[in-house]
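The structure appears below as structure tokens.
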Number of protein chains: 2
Amino acid sequence: MAETARHHEPRYGIRPTMKDVAARAGVGLKTVSRVVNGEAGVTPDTERRVMEAIDALGFRRNDSARVLRKGRTASIGLVLEDLADPFYGPLSRAVEEVARAHGALLINGSSAEDADREQELVLAFCARRVDGLIVIPAGGDHRYLEPEIKAGVATVFVDRPAGRIDADAVLSDSFGGAREGVAHLVAHGHRRIGFIGDQPRIHTATERLRGYRAAMADAGLAVADEWVALGSTEPERVREAAEAMLSGPEPVTAVFAGNNRVTVTVVRVLAGREHPVALVGFDDIELADLLGITVISQDSATLGRTAAERLFRRLDGVDEAPSTVVLPTTLIARGSGEIRPPAAS
Amino acid sequence: MAETARHHEPRYGIRPTMKDVAARAGVGLKTVSRVVNGEAGVTPDTERRVMEAIDALGFRRNDSARVLRKGRTASIGLVLEDLADPFYGPLSRAVEEVARAHGALLINGSSAEDADREQELVLAFCARRVDGLIVIPAGGDHRYLEPEIKAGVATVFVDRPAGRIDADAVLSDSFGGAREGVAHLVAHGHRRIGFIGDQPRIHTATERLRGYRAAMADAGLAVADEWVALGSTEPERVREAAEAMLSGPEPVTAVFAGNNRVTVTVVRVLAGREHPVALVGFDDIELADLLGITVISQDSATLGRTAAERLFRRLDGVDEAPSTVVLPTTLIARGSGEIRPPAAS
DNA sequence: TTGAAAGCGCTAACAG
DNA sequence: CTGTTAGCGCTTTCAA
């Protein structure tokens with residue numbers, strides 16, 4: 001173990017290669033490769049010697065070189081909006097599990113809802129030669145992906161469809177879910193219902209708004225402009241929007257919240273109010289059961305798993321036309337959505 | 001756009017290389033490399049021709065080859081326990097932000113609290129030649145990392161210290177936080193306080209238990225065996241543990257929950273009970289403000305950011321002895337921790 | 001300003 | 001069963 005000649009110790013930052021292992025074990029380079037990759041055709045004795053050399057040297061195969069030679073990286077890239085959002089954690093984890101089952105690693109990136117950043121991440125992943133890409137798009141134009149897809153990078157969009165290209169997508173039923181949620185409020189006697197959602201450039205936001213309008217139309221109810229607020233999900237903005245539609249001569253008696261961020265803030269606003277206001281939110285939230293929040297639940301883990309499975313099916317060579325899967329949502333009644341409007345209303 | 005000779009179209013799955021770009025632009029390979037990497041010494045006219053060829057061919061530099069030559073990958077690996085746990089989302093996101101600021105990509109993996117899986121992930125990351133590693137350890141022995149660290153892979157442990165090697169670590173003050181939380185309960189009149197925590201092999205679990213015992217000792221209170229339950233954070237297990245210590249002849253009048261998973265379940269258990277029981281939980285939880293849950297808050301994003309900054313300082317060549325940073329926790333009183341024990345107690 | 005040649009560490013193809 | 005050679009796509013070095 002202890003070497004006397006200090007300059008013979010492995011230098012810091014230098015990694016042994018297969019060549020080094022081969023020299024130490026007194027075998028050929030290819031034999032080392034065989035052992036490292038568990039290929040057949042190596043004497044147990046030779047294998048043992050190679051193994052010893054590997055351990056002694058602390059050898060670890062350089063996958064960059066391997067990738068360069070083999071063409072495949074056994075890794076996939078996931079671009080989402082914000083890993084810190086509790087909606088994306090389970091999604092990301094589900095993707096990871098599927099990747100793991102296929103022996104692939106996951107590279108992650110948050111676009112922060114910025115189209116340029118999305119593109120930057122996607123292209124960086126492509127430069128790393130990920131085998132496939134799962135994208136929750138921030139931008140609305142994905143033609144920049146055409147050369148990549150042509151080059152064989154499998155791509156699946158999740159939560160929102162791709163823009164201006166034909167690609168696989170796995171979505172939740174935003175329209176249907178919102179429609180059901182708003183219909184639920186209508187069924188409990190509400191006539192003046194507000195909608196607070198994310199920015200209109202986000203597909204799910206407009207789909208949910210469409211669902212809201214459909215439900216109102218189904219019930220023969222007009223929608224006042226002041227009842228609809230699309231924009232950032234920053235707490236201040238949501239708070240202002242909520243307070244605006246809850247005051248004035250004709251306040252709403254119920255609110256439909258367009259996503260988990262909005263719901264959380266609306267719950268806080270409503271908690272500080274005298275008269276109860278009904279609420280249904282899109283996306284389930286932790287502890288919503290204890291707070292009695294009625295929600296339209298979408299399972300983000302299923303979204304991720306479904307997308308990842310589709311991706312690997314493509315990587316396994318399945319060659320069918322791109323298609324879109326829409327996953328159903330579930331209404332979970334817990335109280336807040338069953339509050340009736342004040343009698344005078 | 002439309003090519004008539006179908007067999008002249010780029011074949012599916014084949015990517016253009018710098019050589020292809022060079023041929024098309026009528027320049028040398030190195031000139032393409034210069035343009036792609038924004039190096040000086042290229043005529044604007046030449047550059048334009050190269051750019052055109054790049055766009056026409058849909059060329060994207062192969063970073064595997066680049067890495068093989070340069071030695072650095074501009075990527076770091078993050079191994080955590082479970083990306084779906086809301087505690088790790090912000091941590092991961094914070095690491096990502098720092099990495100981004102340093103031009104590095106993030107490879108992510110969940111160990112699922114399994115030591116073998118942790119090692120598997122870490123070594124896979126090392127094979128990809130990540131420049132650095134941020135690890136939330138699941139296992140207790142990290143000697144397998146010695147060759148990697150010797151080879152120059154910067155490594156920082158987060159949330160829990162490394163086992164059997166000397167390495168940088170960024171931790172929360174589990175001991176001090178738990179001690180403060182339990183002291184808070186004592187200050188509100190409690191004498192019989194339960195502790196429900198994670199598995200004893202997890203460092204933070206035992207540290208928090210130590211803090212609990214210290215606070216009890218500080219107050220001159222004995223701890224009955226039935227008041228302490230360490231184990232899985234599965235809801236059923238936590239529920240059973242909570243119900244056990246809340247029943248019997250001498251039930252606890254307050255519970256200290258060892259982490260966010262435990263807190264969530266305990267809150268559910270207590271919600272179904274007749275008499276109020278005090279609760280302080282380690283980790284803040286979304287909507288805990290609305291539920292009035294008193295917590296010992298630790299900022300997981302700060303944990304991640306601090307670790308990542310330290311990692312990049314190492315990568316920038318700072319060469320000091322490994323050290324441990326302990327971040328303070330904050331008690332946030334919201335009601336559940338200020339409930340007093342029943343008078344008869 | 002530009003390009004030719006060498007080589008990073010590995011695997012594929014082929015020989016012995 | 002084992003080893004040799006070529007070459008993946010890029011950057012480095014050096015020469016023009």
Review point. Over how many whole Å does the gap from D63(A) atom CG to dT11(C) atom C1' extend?
Key: 12 Å

Point to revise | K19(A) side-chain N/O to dC10(C) phosphate OP1/OP2 under 4.0 Å | key: no

Check your understanding: Strictly by modelled atom types, are S110(A) and R100(B) linked by a side-chain donor-acceptor pair under 3.5 Å?
Key -> no

Exercise for review: Report yes or no: is there a donor-acceptor pair, N or O only, under 3.5 Å between the side chain of R69(B) and the base of dG7(C)?
Suggested key: yes

Practice item. Check every atom of dC8(D), dT2(C), dT11(C) against the side chain of K30(A) and return the nucleotide holding the closest atom. Key: dT11(C)

Practice item. Give the rounded distance in Å between these two atoms: CZ of R48(A) and C1' of dT2(D). Key: 17 Å

Practice item. Would you please test E148(A) and R60(B) for salt bridge (charged side-chain N to carboxylate O under 4.0 Å, His left out) and show each step? Key: CA-CA 9 Å; E148(A) 312 304 328; R60(B) 208 82 70 194; 2.3 Å; yes

Practice item. Could you state the atom-to-atom distance from CE of M18(A) to P of dT5(D) in whole Å? Key: 18 Å

Check your understanding: When the ring planes of H102(A) and F312(A) are compared, do they come out parallel, tilted or perpendicular, using 30° and 60° as the limits?
Key -> parallel

Exercise for review: Round to the nearest Å and state the distance from L29(B) atom CG to dA6(C) atom C1'.
Suggested key: 12 Å

Check your understanding: How many Å lie between CG on L57(A) and C1' on dG9(C), as a whole number?
Key -> 15 Å

Practice item. Say whether T73(A) and D131(A), considering side chains only, have a donor N or O and an acceptor N or O under 3.5 Å apart. Key: yes

Review point. Is the shortest side-chain N/O distance from N62(B) to OP1 or OP2 of dC8(D) below 4.0 Å?
Key: no

Study note, to complete from the structure: Against the side chain of V42(A), the closest entry in dG9(D), dT2(D), dC10(C) is dT2(D)

Practice item. Select base, sugar-phosphate, or nothing to describe what V27(B) touches, counting heavy atoms under 4.0 Å on all strands. Key: sugar-phosphate

Point to revise | Distance, rounded to the nearest Å, where F59(A) contributes CZ and dG9(C) contributes C1' | key: 8 Å

Revision key, fill the gap. Taken to the nearest whole Å, CG/N37(A) to C1'/dC10(C) is 9 Å

Check your understanding: 5'-most contact on DNA chain D: A65(B) or R34(B), nearest heavy atom basis?
Key -> A65(B)

**Study point:** N/O (side chain, T43(B)) to phosphate O (OP1/OP2, dT1(C)) under 4.0 Å
**Key:** no

Point to revise | Euclidean distance, atom CZ of residue R129(B) to atom C1' of dC10(C) [Å, nearest integer] | key: 11 Å

Review point. Within the pair K70(B) and dT12(D), is there a side-chain N or O less than 4.0 Å away from OP1 or OP2?
Key: yes

**Study point:** Closest to side chain of T46(B), choosing from dC10(C), dT2(C), dC10(D)
**Key:** dT2(C)

Review point. Think S33(A) has a side-chain N or O under 4.0 angstrom from the OP1 or OP2 of dT11(C)?
Key: yes

Point to revise | Least distance between heavy atoms, S92(A) atom then L83(B) atom | key: OG-CD2, 3.1 Å

